[in-house]
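Everything on this sheet refers to the single structure shown next.
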Amino acid sequence: MSGDTAEGHSDAAISRKVRRLETLLEEKGVLTGTQLDEALDAFLAGASPASGARVTARAWVDADFKSRLLTDGTAAVRELGYMEGAEQRLRVVENTESTHNVIVCTLCSCYPLRLLGPSPSWYKSEAYRSRVVREPRAVLEEFGLRLPDTTDITVWDSSAETRYMVLPRRPEGTAGLTEEELAALVTRNALIGTAAL
């Protein structure tokens with residue numbers, strides 16, 4: 001998946017639209033450039049895949065937390081200090097030996113930014129958004145993830161109200177690792193479902 005699509009939704013085109021919006025906000029006196037930068041910095045503070053990795057590691061070592069995470073993701077991640085003030089609901093879906101989950105937003109690019117950091121360009125691309133729903137196995141193979149034919153693949157479509165995060169399977173041979181060491185194994189793509197660990 002690249003940042004360019006057949007419909008011309010390249011990273012450059014998106015950047016031009018964002019810059020135009022910023023210019024309009026400044027021209028209309030809604031915000032100054034400095035205020036806009038400060039608002040964006042505050043919004044993105046702490047937004048990192050390391051947050052989702054820490055949530056995952058906690059679920060791997062704490063069965064009670066994992067149960068709460070799968071039942072009410074929003075409440076569980078708030079226990080760890082994440083997603084305070086977020087209006088969207090978080091649903092966490094677990095990969096198992098027989099089921100693999102992958103997330104997408106078919107309408108735009110809704111995504112749990114506070115847990116996964118800024119979304120990758122391929123996640124926002126029309127190619128990914130349309131194809132992963134129709135042919136998830138083929139798309140995952142393009143990411144280098146070859147799943148057994150017996151593995152069911154479930155695609156979860158994020159929305160303005162609900163964001164999804166994948167709880168990856170804990171890698172074999174990690175029983176002796178600390179929670180911090182486990183978190184270091186988790187990648188953003190595993191939290192989206194386009195990679196395994």
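Residue E180 places its CD atom among 12 or fewer non-hydrogen atoms of other residues, nucleotides or ligands, all under 6.0 Å distant.
By the 4.0 Å N-to-carboxylate-O rule, R58 lies too far from E79 to be salt-bridged with it.
By the criterion of side-chain heavy atoms lying less than 4.5 angstrom apart, applied directly or through intervening Ile, Leu, Val, Met, Phe, Trp or Tyr residues, M165 is grouped together with L80 in one hydrophobic cluster.
Taking OG1 of T56 as the reference point, atom NZ of K66 lies at 11.0 Å (rounded to 0.5 Å). A distance of 8.5 Å separates CG of D72 from CZ of R78, quoted to the nearest 0.5 Å. Atom CG of L107 is separated from atom CZ of R129 by 8.0 Å, given to the nearest 0.5 angstrom. Within the model, atoms OH of Y111 and CG of L116 stand 4.0 Å from one another, a figure rounded to the nearest 0.5 Å. Here CG of L115 is found 8.5 Å from CG of L191. Values are rounded to the nearest 0.5 Å. The line from OG1 of T23 to NZ of K28 is 12.0 Å long, rounded to the nearest 0.5 Å.
In plain terms, the two heavy atoms of S158 and C110 that are nearest each other are CB-O, 3.5 Å. Minimum interatomic distance between P112 and L90 (heavy atoms only, all atoms of both residues): CB-CD1, 4.2 Å. The two residues Y164 and D157 have their closest heavy-atom pair at CE1-O, 3.5 Å. The minimum heavy-atom distance between V92 and G73, with the atom names listed, is CG2-CA, 4.3 Å. Of all heavy-atom pairs between I153 and P136, the closest is CG2-CB, 3.8 Å. For R54 against E179, the heavy-atom pair with the smallest separation is O-OE2, 4.3 Å.
Within the 4.5 Å cutoff, side-chain heavy atoms of R169 are placed close to those of E97. Proximity of L185 to L177: side-chain heavy atoms (C-beta onward) are separated by under 4.5 Å at one or more points. Looking at Y123 and P118, their side chains never come closer than 4.5 Å, going by heavy atoms from C-beta outward. Counting only heavy atoms from C-beta outward, the side chains of S98 and T150 never approach each other to under 4.5 Å. Within the 4.5 Å cutoff, the side chain of L197 has heavy atoms near those of the V186 side chain. Side-chain contact check for R134 versus V155: every heavy-atom pair is 4.5 Å or farther apart. Within the 4.5 Å cutoff, the side chain of V132 has heavy atoms near those of the V102 side chain. The side-chain heavy atoms of L69 and V77, taken from C-beta on, include a pair separated by under 4.5 Å.
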Yes or no on side chain to side chain contact (heavy atoms under 4.5 Å, CB included) for L140 and L147, after CA distance, side-chain angles and deciding distance?
CA-CA 8 Å; L140 292 178; L147 297 169; 3.9 Å; yes
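Between Y128 and W122, the ring planes are perpendicular. Angles over 60° get that label, and only those under 30° would be called parallel.
Judged by distance alone, with hydrogens and angles left aside, the side-chain atoms of D152 form no donor-acceptor pair with the main-chain N or O of T99 at under 3.5 Å.
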